[in-house]
Amino acid sequence: NAGVTQTPKFQVLKTGQSMTLQCAQDMNHNSMYWYRQDPGMGLRLIYYSASEGTTDKGEVPNGYNVSRLNKREFSLRLESAAPSQTSVYFCASASSAKGEAFFGQGTRLTVV
Amino acid sequence: DQQVKQNSPSLSVQEGRISILNCDYTNSMFDYFLWYKKYPAEGPTFLISISSIKDKNEDGRFTVFLNKSAKHLSLHIVPSQPGDSAVYFCAASVDYKLSFGAGTTVTVRA
């Protein structure tokens, strides 16, 4: 079982470049999430999608956009990357509102 | 404004002893509380959860306690094992929004 798959695993961007982080899950989960992990800050919620067709802002949405393409896929877009967006990004999915989520392996993004 | 707080960045414990991790929250609307474990270069994995209507949940060596009046929860690991060395995140959920704390790094000494 693949679970939650994120691509790419590593990426280096120049300031001002754009890119999309892809996430797909094969567990038929309704809700999906994007987090960033920074030293001392833990996991901070960027955006989430409670179900197909809905998206909501999390704690740190500025500079990001998301698309819930279908039930399986939830992408995160950086329109104009900034060094402050250097981080490890995690995608997750869950079957219910209880919060028992499955995470991908992460994408390590560096913006120079 | 972080609604889930873990004030201890690290914890060192001897193998076989109890590990106690603490977490505080500010949003009284949270209805589920969870603990996740994370190894380096991997995504977090779900460990144990508790509903807001309960005050204790046990799963093997792991027990989570919830004190709603104090807006505080804790995770007890007994006995601690070397494989428990990891980062532990406290999390809370309301209406599908899942928020995490900053994490506590646990080191189990032989």
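What's counted below: heavy atoms across the whole structure, side chains too, no hydrogens, waters or symmetry copies. Chain letters run A, B, ... following the sequence lines, proteins first and then strands; every chain starts at 1.
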A.B. asks: For A/Phe90 and B/Gly43, work out which heavy atoms get closest and say how close.
C.D. replies: CE2-CA, 3.5 Å
A.B. asks: For B/Gln2, which atoms come within 4.5 Å of any heavy atom of chain A: side chain, backbone, both, or neither?
C.D. replies: side chain
A.B. asks: What's the verdict on side-chain contact (heavy atoms from CB on, under 4.5 Å) for A/Lys98 and B/Ser49, showing C-alpha distance, side-chain angles and the deciding distance?
C.D. replies: CA-CA 9 Å; A/Lys98 293 182 179 181; B/Ser49 66; over 6 Å; no
A.B. asks: Counting only heavy atoms not in B/Arg109, do more than 12 sit closer than 6.0 Å to its CZ atom?
C.D. replies: yes
A.B. asks: Minimum heavy-atom separation for B/Glu42 and A/Gln105, please, with both atom names.
C.D. replies: CA-OE1, 3.9 Å
A.B. asks: Scan B/Ile48, B/Leu34, B/Leu47, B/Leu98 and name whichever one has a side-chain contact (heavy atoms from CB on, under 4.5 Å) with A/Glu100.
C.D. replies: B/Leu34
A.B. asks: Is the CG atom of B/Asn67 crowded by more than 12 outside heavy atoms at less than 6.0 Å?
C.D. replies: yes
A.B. asks: Would a hydrophobic clustering, with Ile, Leu, Val, Met, Phe, Trp and Tyr connected at side-chain separations under 4.5 Å, put A/Val60 with A/Met41?
C.D. replies: no
A.B. asks: Which heavy atom of B/Ser93 sits nearest a heavy atom of A/Ala97, and at what distance?
C.D. replies: OG-O, 2.7 Å
A.B. asks: Following the transitive rule for hydrophobic clusters with a side-chain heavy-atom cut-off under 4.5 Å over Ile, Leu, Val, Met, Phe, Trp and Tyr, establish whether B/Val64 and B/Val94 coincide in one cluster.
C.D. replies: yes
A.B. asks: Within this structure, what is the OH-CZ distance for the pair A/Tyr33 and B/Phe100, rounded to the nearest 0.5 Å?
C.D. replies: 9.0 Å
A.B. asks: Does atom CZ (A/Arg44) have a neighbourhood of more than 12 heavy atoms from anything else shown, all under 6.0 Å?
C.D. replies: yes
A.B. asks: When clusters are formed by joining ILVMFWY residues with side-chain heavy atoms under 4.5 Å apart, either directly or through shared neighbours, do A/Tyr89 and A/Phe102 land in the same one?
C.D. replies: no
A.B. asks: Identify which part of B/Thr45 has an atom lying under 4.5 Å from any heavy atom of chain A, answering side chain, backbone, both or neither.
C.D. replies: neither
A.B. asks: Checking heavy atoms, do the side chain of B/Pro44, its backbone, both or neither come under 4.5 Å from chain A?
C.D. replies: both
A.B. asks: Do you know which of A/Ser31, A/Gly42, A/Ser49 has the most heavy-atom pairs under 4.5 Å to chain B?
C.D. replies: A/Gly42
A.B. asks: Can you tell which of A/Gly58, A/Gly40, A/Ser96, A/Ala92 has the highest number of heavy-atom pairs within less than 4.5 Å of chain B?
C.D. replies: A/Ser96
A.B. asks: Kindly say whether A/Ala101 contributes a backbone atom to a donor-acceptor pair with the side chain of B/Tyr36 at under 3.5 angstrom?
C.D. replies: yes
